Every structure is written in C-alpha cells, then in structure tokens.
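Values reported hereafter were calculated over all heavy atoms of this structure, with side chains retained and with hydrogens, waters and symmetry mates removed. What you see is a predicted model; the values in this text were computed from it and never measured.
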Amino acid sequence: MILENKLTTEDDMNLKRSNGATFQPGYKPKDMGTDTKTDTDVLTPAQRGPKTILQNIWSKVWNNLLFTLTLVAVVLGLILGVIVQQTVTPYSTDLVVVLLKFPGELLLRMLKCVILPLVVASVITGLGAINAKSCGKIGGVAVTYYLTTTVMASILGLCLVSIIKPGSGNQEDFIAKDVTLNQNTNTLDTMMDLLRGAFPDNIVQATFGKHATELTNVTREDGSSYLNRSLEFKSGMNMIGVIVFSIVIGVIMSLHPKEAAPLMKVIQAVNDVTMRLVTLILWYSPIGIFFLIAGQFAGVENFGEMMAQLGMYMVTVLGGIAIHFFIVLPGIFYAFTRRNPVQYYLNMLPAIATAFGTDSSSATMPVTLKCVEENNNIDKRISRFVIPVGATINMDGTALYEAVACLFIAQVKGVPLNFGQVIVTGLTATLAAVGAAGIPSAGLVTMVMVLNAVNLPTDMISVLLTVDWFLDRFRTITNVMGDALGCAIVQHLCAEELAKMDREKELQEEGGAENLIHSRKGDIEMGSSL
C-alpha cells in the first residue's frame with residue numbers, strides 16, 4: 001500500500017514536470033488529450049520576456065493613479081491660473097476667481113468634515129490598543145521630536161535672514177496694504193489661551209468653537225489708558241481640546257480593556273468607516289486641487305511687483321524651507337531609523353501634493369494617515385496618535401517663516417536687534433508656531449505676537465500678505481512631512497514596547513484558546529459521564 005502511494009505521488013510529479021500544470025497529489029486527469037492550453041499559457045512572467053519601457057511606465061502610472069492625477073492637477077492648475085491672471089480684465093477677475101475656487105472649496109469642506117470623527121476615533125483607537133506606560137513613552141518621544149525640530153527650524157530661519165539680509169533695502173520700496181489686524185496680543189495671553197483650550201469646559205462646544213483673549217484699550221477719566229482683558233468665543237474647532245479629551249479617553253480605555261471592549265468596537269468601526277469615506281474624497285481631490293490652485297494664482301494682482309518688492313524675502317524663506325525639508329528632516333530620520341529617506345518621501349507624495357493644494361495641514365491629515373500606514377507601513381497604534389497631535393502642534397515651516405519675517409521687518413525698518421532680542425524672537429516664534437492653527441495663513445495671526453515681543457511695528461505685516469498665500473503652501477508641506485517622519489522615528493524608538501505588547505496579545509489569545517479547549521473537554525467529559 002505504501003509502495004502504491006509512493007508511485008502515485010511520483011507519477012503526479014512527473015505529470016507536473018512534463019505538462020507544466022499543477023495537480024494535487026493523488027489526482028490523475030481522465031484524459032490528457034483534452035487539455036487545450038498552449039505553451040504560452042503556462043509561461044511564467046520571466047519566460048514571457050521583459051516588459052517594454054512604455055509598459056513599465058504605464059504600470060507605474062496605473063499603480064499610482066491617484067498621485068499621478070493629483071500631480072497633473074497641480075501643474076495644470078498653475079498653468080490655468082497664470083493664463084487667467086494674464087488675460088482676464090481686472091474688473092471681472094473677482095468673479096472668475098470665485099468661480100474657479102468653488103470646486104476646490106467643496107474639497108476643503110469635505111476634508112474638514114471628516115477631521116473631527118477621524119481625530120477622535122484615531123487617537124482613541126491608537127492609544128486604547130497600548131498600555132498606559134507605553135502611552136507615556138510614545139507621547140514623550142513625539143512631543144520631544146516636535147519641539148526639537150521646531151526649534152531647529154526657527155534657528156535656521158534666524159541664521160539665514162541674518163546672513164542674506166533681505167530687508168536691507170529702502171523702506172519706500174515696500175507698499176503696504178490696508179489690512180485690519182488685531183495688534184493687542186502678547187505671548188502670555190497666547191500661551192494661557194493655548195492651555196485654556198486644552199481643557200475645554202464643554203467638549204461639544206469645543207468641536208465648533210473656542211475661547212480667546214481679546215485686549216481692548218480703555219481710557220480712564222484722568223486720561224490714562226489700560227488694556228482690558230476679556231474672553232471672547234470664536235468659531236473654529238478647538239483641536240487642542242478635542243485631542244486632549246481623546247487622549248484621556250484612550251488611556252482610560254487601555255487601563256480597563258474588558259469594560260471598554262464594546263465601546264472600542266464602536267469607535268473602531270467609526271474609524272474604519274471614516275477612512276473609507278476619506279478614500280472616496282481622495283478621488284475627488286485632483287479636481288478640487290486643480291481649481292484651488294488655479295483660482296489662487298488667477299487672483300494675484302501683479303507678479304512683477306510682488307517679486308520686485310519681496311523677491312529676496314521669498315528666496316530666504318524658500319531656501320530655509322528647502323534646507324529643512326531636504327537636509328535637516330531627512331538627516332534626523334536617517335540618524336534614528338537608518339532607513340532610506342528618499343523612498344519614504346516618494347511614498348508621501350500624495351500627501352505632499354494635497355498639502356500644496358489645500359494649504360492646510362489639518363485638511364491634509366486624512367491623506368497623511370493613509371500614506372504613512374499603507375505606503376510606509378507605520379504601525380496604526382503610532383500613526384493614529386502622532387499624526388493628529390503633529391497636525392496641531394508641529395509647525396516647523398511656520399516657526400522658520402515667522403523668525404525670518406520678524407528679522408526682515410526689523411531690517412526694513414532699520415531697527416537693530418541685539419543678541420538677546422534675536423533669542424527672544426526665536427523662542428517666541430517657536431511658541432507661536434505651536435499655538436498656530438493648522439489652517440491657511442495661520443502664521444500671520446501669530447506674527448503680531450512675535451513682533452510685539454521685540455517691540456517691532458506691525459504695519460509691515462500687510463506687505464507680507466502679498467506673498468503669504470504662496471509661501472504658506474511650502475510651509476504646509478514641511479509641516480506635513482515633519483509629522484510623517486515623526487511617525488517613523490517614534491515607531492523606531494518605541495519598537496521594544498510595541499513588540500512587547502504584541503507578545504502579550506499573543507499570549508492572551510493563546511491562553512484564551514487553551515481555556516476554551518479545556519472548557520470544551522470538561523463539557524464532553526460531563527456529557528459522557530451522564
């Protein structure tokens with residue numbers, strides 16, 4: 001019998017070798033003559049010969065179709081925007097810009113709509129899957145990384161603006177615009193508002209508004225004046241408060257896994273559904289990005305005047321961003337992880353293109369999550385905590401921009417700053433960047449605080465508005481990429497904790513399976529005894 005089975009198996013192997021087909025052992029076809037397969041049907045891809053160049057290009061384009069469409073949308077949007085800006089008369093430009101931006105406005109609304117459920121569900125599920133001790137280490141490493149890179153960006157900006165001196169020309173060359181800015185703000189009130197926002201008194205209210213300090217000049221009867229502080233409610237999501245609340249809920253759920261298991265399943269389902277919704281939105285993103293960029297460039301009044309006034313200032317900011325983006329961040333990434341930063345950057349291209357188009361790190365967050373998890377294989381327990389927090393407090397590009405802008409204004413006004421004032425500028429720019437919202441041109445709002453810290457006039461901010469819409473897109477790209485690289489660094493430094501949690505989970509599952517087997521054996525023995 002054993003010999004017969006052995007012969008049967010050998011016959012099967014001979015049939016495999018002779019015909020190239022795959023048969024199960026012990027199975028013989030009834031009629032080999034009825035096989036209609038040709039020799040080309042059983043050839044492997046290597047035997048069929050190499051693909052042509054066009055086939056390889058088409059394969060890469062098809063495999064990265066969404067990114068290809070987004071990149072094409074960016075380029076075509078730039079071209080269309082410049083054409084409209086050059087051909088449409090100034091009297092009809094406003095209407096054209098509104099119509100061009102409308103499809104892009106729909107994209108921004110859709111992305112912002114999913115931010116709240118995505119942030120809450122991502123942070124809770126990410127922290128709920130790890131123990132409290134590991135939560136502390138992951139959070140500590142992430143915050144340390146964010147603060148370190150932000151300080152480095154601020155120092156880099158200060159060094160470049162001191163070397164290049166883009167504002168050393170004549171002040172009369174700069175034409176200010178009539179812009180109303182709230183100049184009554186300072187570092188202390190901004191930091192207090194930031195901490196106050198981290199502990200909202202109403203979590204539902206925090207989803208659509210936040211409190212901020214308003215300073216008003218009040219004149220006494222004797223003619224003297226003082227600043228009156230009052231808390232005003234302003235529209236806009238209190239992202240810091242929502243994230244802190246989600247972190248606390250996630251940590252508590254990790255401490256009580258059994259009791260929190262039903263709620264965790266519901267939140268996990270919300271997260272999965274939201275990510276599927278994000279996938280649908282992303283297929284509309286090339287259209288929205290195309291019209292956003294076209295509308296923005298079409299609304300520029302005069303490219304020549306803009307470059308003549310602020311050309312060296314733009315070179316300084318973009319040069320600093322390029323150094324930070326291509327040298328500093330990849331250097332830190334490689335120093336810790338020993339991974340190829342080029343491939344990591346390539347995998348993040350969809351998020352980079354979306355950040356350039358939407359001009360918002362918060363709106364780009366859903367795309368960033370998908371890229372780091374699916375393209376760069378970042379553990380979801382890391383990404384779902386690091387990315388939402390980073391989109392709120394990690395603003396490397398903003399810190400660099402505000403440091404450059406502050407010293408640029410001092411150079412234009414001819415106000416010399418000593419070493420101590422430069423240090424204060426760097427620290428204030430760092431704190432202002434942490435407190436800036438992840439929305440377009442948020443840096444201009446906190447710029448007043450940086451200028452007030454060194455007693456510089458704020459009227460020059462209106463001059464920077466002419467180029468801020470353009471520079472802000474590159475700042476957003478830097479912020480988004482800093483968040484993505486932070487995920488890999490945090491995952492590398494916390495690899496032991498993640499591996500330990502995986503082992504504990506396996507042991508729990510094995511223990512649960514053994515208990516189930518023992519209980520079933522007990523039931524069988526009890527039944528047989530009866």
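In this structure, N347 contributes its side chain and Q343 its backbone to a donor-acceptor pair below 3.5 Å. The backbone N or O of N202 sits nowhere less than 3.5 Å from a side-chain atom of Q205 that would complete a donor-acceptor pair. For the pair Q411 (side chain) and G167 (backbone), a donor-acceptor distance under 3.5 Å is present. The backbone N or O of K210 sits nowhere less than 3.5 Å from a side-chain atom of N238 that would complete a donor-acceptor pair. A distance-only check finds no donor-acceptor pair linking the side chain of S154 to the backbone of T150 [under 3.5 Å]. Using modelled atom types, one side-chain atom of R473 and one backbone atom of G357 make a donor-acceptor pair closer than 3.5 Å. With hydrogens and angles disregarded, no donor-acceptor distance shorter than 3.5 Å links the side chain of S122 to the backbone of V119.
Looking at T316 and I163, their side chains never come closer than 4.5 Å, going by heavy atoms from C-beta outward. Looking at V367 and V480, their side chains never come closer than 4.5 Å, going by heavy atoms from C-beta outward. A heavy-atom distance below 4.5 Å is not found between the side chains of T213 and M192. Put simply, the side chain of K370 reaches to within 4.5 Å of the side chain of V278, judged on heavy atoms. A 4.5 Å side-chain heavy-atom check between L451 and C406 finds at least one atom pair inside the cut-off.
The minimum heavy-atom distance between A484 and V372, with the atom names listed, is CB-CG1, 3.8 Å. Nearest heavy atom pair, residue M365 against residue A391, reads SD-CB, 4.0 Å. In this structure, V404 and V161 approach most closely via the heavy-atom pair O-CG2, 3.7 Å. The heavy-atom pair separating P103 from Y284 by the smallest distance is O-OH, 2.9 Å. Of all heavy-atom pairs between L100 and G295, the closest is CB-CA, 3.8 Å. Considering all non-hydrogen atoms of both residues, S383 and L369 come closest at O-CD2, 3.6 Å.
Ring-centre distance between F245 and F199: not below the 6.0 Å cut-off. Proximity of the aromatic rings of F233 and H211 is defined here by a centroid distance below 6.0 angstrom, and this criterion is met. Between Y145 and F333, the ring center distance fails the sub-6.0 Å criterion.
Between the side chains of K112 and S362, no donor N or O sits under 3.5 Å from an acceptor N or O. D396 and T478 form no side-chain donor-acceptor contact under 3.5 Å, judged by distance and modelled atom types alone. A donor-acceptor contact closer than 3.5 angstrom links the side chains of T358 and T364. Side-chain atoms of N271 and T125 include no donor-acceptor pair closer than 3.5 Å.
More than 12 heavy atoms of other residues, nucleotides or ligands lie within 6.0 Å of NZ in K137, so this atom counts as buried by the packing criterion. Residue F102 qualifies as open at atom CZ: its count of foreign heavy atoms under 6.0 Å is 12 or below.
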Original post:
Taking it one step at a time, do D201 and R196 satisfy salt bridge (charged side-chain N to carboxylate O under 4.0 Å, His left out)?
Top reply: CA-CA 9 Å; D201 55 354; R196 189 180 291 113; over 6 Å; no
**OP:** Apply side-chain hydrogen bond (donor to acceptor under 3.5 Å, both in side chains) to the pair N340 and Y334, showing each step before the final yes or no.
**Re:** CA-CA 7 Å; N340 182 9; Y334 181 77; over 6 Å; no
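Atom CE of M348 is separated from atom CG of D483 by 8.5 Å, given to the nearest 0.5 angstrom. One finds the OG atom of S246 at 13.5 Å from the CZ atom of R384 (value rounded to the nearest 0.5 Å). Taking SG from C494 and CD1 from I138, the interatomic distance works out to 5.0 Å, rounded to the nearest 0.5 Å. Note: L318 CG to R475 CZ = 10.5 Å, rounded to the nearest 0.5 Å.
Aromatic ring orientation, F325 versus Y345: perpendicular (interplanar angle above 60°, classes split at 30° and 60°).
Ionic pairing of D193 and K234 is not present here: no N-O contact between side-chain nitrogen and carboxylate oxygen is shorter than 4.0 angstrom. Remark: K101 does not engage E105 in a salt bridge, criterion side-chain N to carboxylate O under 4.0 Å.
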